[in-house]
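Please read the structure below before turning to the comments.
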Amino acid sequence: MADDFERAVLFSFDQTGNVDAALKFRAVAYCNDTKAQPLSWQLCLEKYSSTAYMEVRFWCLQTLHEILVARYDQLDSNVVKQAVLSWVRNTNVEHQMPPFLRNKVAQVIVALVQNEYPHKWPSFWTDLLGMLPEGPRVVDMFCRILIAIDDDVISLDIARTQEGIKRSMQLKDAMRETCLNDLAEAWYNLLTAYQSANPELAAAVLNTVERYVNWIDVALVVNERFIPLLFTLLSSPSESLKGAAADVLTEIISKRMEPQNKLGLIQQLGLGRVCAQWGNGLPVQDGEYELATKYAKLLASIVTEVLDSCKKVENQLVSFAAVGVAMDEEAVQEATSTCQAADKLIQDLLPAVLATLRDSEDEVAIAVVPFLNSWVARLKANQKRTGGVSQEALQHIPAMLDSLAVCARFPQDSCNYALTAQDAAEAVAAEEETATVLETRQDLFTLFKNTAKLVPEPAYVFVGKQLQGVVSRQKAEWQDVELAITLLYQLGEGAADETLKPGSGTLGQLATGLFGAEVPAWHHRLVVSALLETYVRFSKVMQQNQEYIPNVLTVFLGDSGMGHPDEAVSTRACYLFSRLVKALRQNIRQFVREVLQSIQGHLVRIATHPPTDGGQAAAKAGGPGGAKITTMGAFLPATDDRLYAYEGVGVLLGQEELPAEEQHAYISALLQPLIHQIEASLAAASSTGSGAVAGRPAPTLLIQQALEAIARISKGFNANLCTRVRPEIGSLLITAVEAALRIPQQLPTSKPLRARFISFLHRMVECLANRMLPYLPTALQVLMHVTADCQDMCDVVALLNQLMLRFKTALQDLLKEVMNVQHSSSCLQCLFYCYWHRDTSHTLCCAVAKTGNARAVKLMQRLLSP
């Protein structure tokens, strides 16, 4: 039966909720008071040995550890020392002692070692090693103590204070002087004894070896006894033992040393011969994922260290030559021989590296990518120096490209749906899988593009075969189609502009082949997304191959593009259409009628079905839009990225080469429905309020959508077109301005509409120039309504700033009207401070200094007075 102390500890650890909160609070307080007592360490030793409760034992160990760290001088270390050593021995009897208590015992011993070893307890390692013959559970504690020493004292991978770093160095120096030979001997004997009898325990021993290899003398483990044993363990039936042996070898190879010594070590180990046999894949069974990861890291470490050592030797030669220092012939010959041996070893191991890259597990495959990047970078450096790439290296390029493609492919059992998700779970699964693949592809495609820049023709041939392979099979799997198109896109992204110009060669031919091809699985959302991106990427090629433009426009404007049922695809199609039109506006001009006919339904849907979340979903869907902040800090509602479709149409219709009557008719047909939508929505808002009616979007959202659509259309028009060349186009926009002016008049308190209206005015000023002057007084008056707050005034100042930059002295009459607006709001102080700063910056003082404005100036002075 538990005594009061034990009950207090049990109550303090309770996680069931069955203990009253007040009682638990009292129990915690009691335990803390007990811990603070000077002789609490004696209680810990006594209760640990006598209690039957694991919680009490844990509390005793935790408290004892804290005392050893913070109040070491208050206890009798010899008594504690004898007690903890007995606990290590007793683990051989207490079969049910859980791992967390064993780890805590190890932590207490390490805290004691920090204070005692080597001066007060010089026999620590002798005492510990002397207990190993007592059985497996003592060996288990031995491994846990070594790991705790590394975690709590030695390892500098953990952030430590300057004192902690000093203590780490002191402990390592002491171990070098006293025990490392005995420790290495113990490792060898334990591995020999337990490799068959208890493979898991042998693996635990290897885990401790791995921790210490990076700072001990390498000869302790690289010798005629230890290395053959490690290779034997690599062939063990135990997965954990094989993995632990691979980890130790990886640490041995990664030790810092001179490059010639490193190459000599790798050759001495003979790992090159072993790993070269992995050309058909890693020697693992199905399901041995962790072991495959360890083997991949071992292989990556070997080739990386060999390559780095070779580069260091080469750099030494180059550096000496650069400063004019002559090296003796023997040294040069030795360095050359070292590099040749390193290159030979890399060539021998590349098939195994590429086989690893093809592994179905991403973590396994990605392990070798950094090496391949370094290898390609070295080939590029050698190419600059020698003018070419060696034949030995070239023979591996096709296999590397193929392995990259295999690694970058979406999985065969992909959960990515073709059109729309059946439920939320499927959508989430597809999103997570896509995110994982895209993250993996970042490094893979960087390597692919660097390789293509190094040796373009093999890359073009490879991608051409990939495209031909999927295009020739109408039942090709969507994963293969998506990958082939994406690889072509990556070629275009990494290629110089010259390679995309007319008559540039193979890359342009690959693009034109895709333009005219009937792509299998093109309705799949990931395939069509890649297809649209690639069309835009190679738009320069399309300029000289205009026969493909109708086919490309069909994809953009049909059910696989803007009409795709997946929102992300349709939204991205709108954005990419805008980019395509900007790149090919003159080439697409001849198809303007067909474009408008095909896109009309999409435009109507975009205008009349605004996003109910303010555009956040559309922004996520793949376009570059989203919520914006005005120059003065006001929140501008996130726009719908589908509105890029209107921008693309505006760019297409804003060309002066279009016949005037056709242009006027097209633009009028675009603007009139939007203007009507604004007017009808204002009427609806006046009669029913700004809220949504069942089954219909809120009037304010419809107004925002229409207003932004008009602004997007206007981006295709410049002031010269709207005011001089074809003023009738400007008149159409004036009609839209007149309709827009009623928005802040009827809905003055709507912040989103106000922000959108100001943005609209900015856009119209750029298009209409002086033709906007008659409408600005009304616009500014409705913006400076009596309920306007300070932020509203700041937005007006931002607008005035643009007007001053645009119109300068032509703004005098407008400023007179603005300054005579009667306002009692203190926010005008902000307005006029900003206004006067802009006024003087743009030489408009004459507008203020006129006699007729004297009264207004005095009013401004009163407003600015404290």
Side-chain angles (χ1 to χ4, degrees), residues 1-117 120-121 124 127-128 137-138 140-141 144-145 147-149 151-153 158 160-161 163-164 167:
M1 183 175 178
D3 58 22
D4 289 343
F5 168 73
E6 290 175 329
R7 281 196 295 271
V9 173
L10 293 173
F11 288 161
S12 68
F13 277 105
D14 180 75
Q15 299 295 326
T16 65
N18 295 330
V19 178
D20 180 72
L23 179 59
K24 184 174 182 178
F25 178 80
R26 287 167 52 201
V28 172
Y30 177 81
C31 292
N32 289 337
D33 290 341
T34 302
K35 185 186 300 184
Q37 297 300 314
L39 298 179
S40 57
W41 63 274
Q42 293 180 348
L43 175 67
C44 292
L45 297 181
E46 175 191 345
K47 285 295 183 182
Y48 179 86
S49 299
S50 62
T51 185
Y53 298 102
M54 296 301 173
E55 295 90 341
V56 177
R57 284 191 169 191
F58 182 83
W59 187 92
C60 292
L61 291 172
Q62 179 67 34
T63 301
L64 191 58
H65 179 266
E66 292 176 8
I67 295 172
L68 284 167
V69 171
R71 297 182 289 162
Y72 171 73
D73 56 342
Q74 294 183 5
L75 49 73
D76 186 335
S77 61
N78 288 326
V79 174
V80 175
K81 193 184 308 178
Q82 295 303 318
V84 296
L85 286 179
S86 70
W87 297 345
V88 173
R89 286 191 174 92
N90 289 338
T91 58
N92 207 34
V93 178
E94 300 179 30
H95 298 287
Q96 302 304 317
M97 187 175 181
F100 73 88
L101 279 184
R102 297 182 193 180
N103 290 336
K104 208 64 186 178
V105 170
Q107 195 175 26
V108 169
I109 292 175
V110 173
L112 192 59
V113 168
Q114 284 186 275
N115 290 288
E116 298 273 320
Y117 180 78
K120 297 181 181 180
W121 193 5
F124 164 69
D127 295 341
L128 184 61
R137 292 190 177 274
V138 174
D140 176 79
M141 281 303 306
R144 294 177 191 273
I145 291 169
I147 290 174
I149 289 175
D151 286 340
D152 294 353
V153 186
I158 301 172
R160 303 193 189 281
T161 63
E163 183 62 30
R167 181 62 187 133

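Just the heavy atoms: all of them, side chains too, but no hydrogens, waters or symmetry mates, feed the values below.
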Check step by step if side-chain contact (heavy atoms from CB on, under 4.5 Å) holds for Arg137 and Arg102.
-> CA-CA 10 Å; Arg137 292 190 177 274; Arg102 297 182 193 180; 2.2 Å; yes
Can you check side-chain contact (heavy atoms from CB on, under 4.5 Å) on Phe5 and Leu43, steps first, answer last?
-> CA-CA 10 Å; Phe5 168 73; Leu43 175 67; 4.0 Å; yes
List the steps, then state whether side-chain contact (heavy atoms from CB on, under 4.5 Å) holds for Lys47 with Asp3.
-> CA-CA 11 Å; Lys47 285 295 183 182; Asp3 58 22; 2.4 Å; yes
Report the C-alpha distance between Phe100 and Met54 in whole Å, list the side-chain angles of each, state the deciding distance to 0.1 Å, and finish with yes or no for side-chain contact (heavy atoms from CB on, under 4.5 Å).
-> CA-CA 10 Å; Phe100 73 88; Met54 296 301 173; 4.3 Å; yes
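Remark: the Asn115 side chain and the Trp121 side chain contain no N/O donor-acceptor pair separated by less than 3.5 Å. A donor atom on one side chain and an acceptor atom on the other are found under 3.5 Å apart for Glu66 and Gln62.
Two residues are said to be in side-chain contact when any heavy atoms from C-beta on lie closer than 4.5 Å; Asn103 and Met141 fail this criterion. Annotation: side chain of Ser12 is not in contact with side chain of Arg7 (no heavy-atom distance under 4.5 Å). Proximity of Tyr30 to Phe11: side-chain heavy atoms (C-beta onward) are nowhere separated by under 4.5 Å. Contact check for Cys31 versus Val9: side-chain heavy atoms found under the 4.5 Å cut-off. Residues Phe124 and Ile145 are in side-chain contact: their nearest non-hydrogen atoms beyond the backbone lie under 4.5 Å apart. Side chains of Leu64 and Tyr48 form no contact here, defined as non-hydrogen atoms less than 4.5 Å apart. Using a 4.5 Å cut-off on side-chain heavy atoms (C-beta onward), Met97 and Val105 make contact.
With sequence neighbours excluded, no residue forms a ring-ring contact (aromatic ring centres under 6.0 Å, His included) with Phe25. Legend: residues meeting salt bridge (charged side-chain N to carboxylate O under 4.0 Å, His left out) with Lys24, ordered by chain and number and at least two apart, are absent.
Under the 3.5 Å distance criterion, the side-chain polar atoms of Arg89 are left unmatched by any main-chain donor or acceptor of Val138. Judged by distance alone, with hydrogens and angles left aside, the side-chain atoms of Ser40 form a donor-acceptor pair with the main-chain N or O of Gln37 at under 3.5 Å.
Between atom NZ of residue Lys120 and atom CG of residue Leu112 there is a gap of 10.0 Å, rounded to the nearest 0.5 Å. Going from atom CD of Gln15 over to atom CD of Glu55 covers 10.5 Å, rounded to the nearest 0.5 Å. To the nearest 0.5 Å, atoms CG (Asp4) and OG1 (Thr34) are separated by 10.5 Å. Separating the CG atom in Leu128 from the CG atom in Leu85 is a distance of 8.0 Å, to the nearest 0.5 Å. The CD atom of Gln107 sits 12.0 Å away from atom CG of Leu101, with the distance rounded to the nearest 0.5 Å. In this structure, CD1 on Ile149 lies 9.0 Å from CD1 on Ile109, to the nearest 0.5 angstrom.
Across all their heavy atoms, Arg160 and Val153 have their closest contact at NE-O, 3.3 Å. Here the closest heavy-atom approach between residue Leu61 and residue Val108 is recorded as O-CG2, 3.5 Å. The minimum heavy-atom distance linking Ala27 with Ala8 is given by the pair CB-O, 3.4 Å. Of all the heavy atoms in Gln114 and Arg167, the pair that sits closest is O-NH2, 3.2 Å.
Annotation for Arg71: atom CZ counts as buried by contact number, over 12 foreign heavy atoms lying within 6.0 Å.
A salt bridge does not link Arg144 with Asp151: none of the charged nitrogens is closer than 4.0 Å to a carboxylate oxygen.
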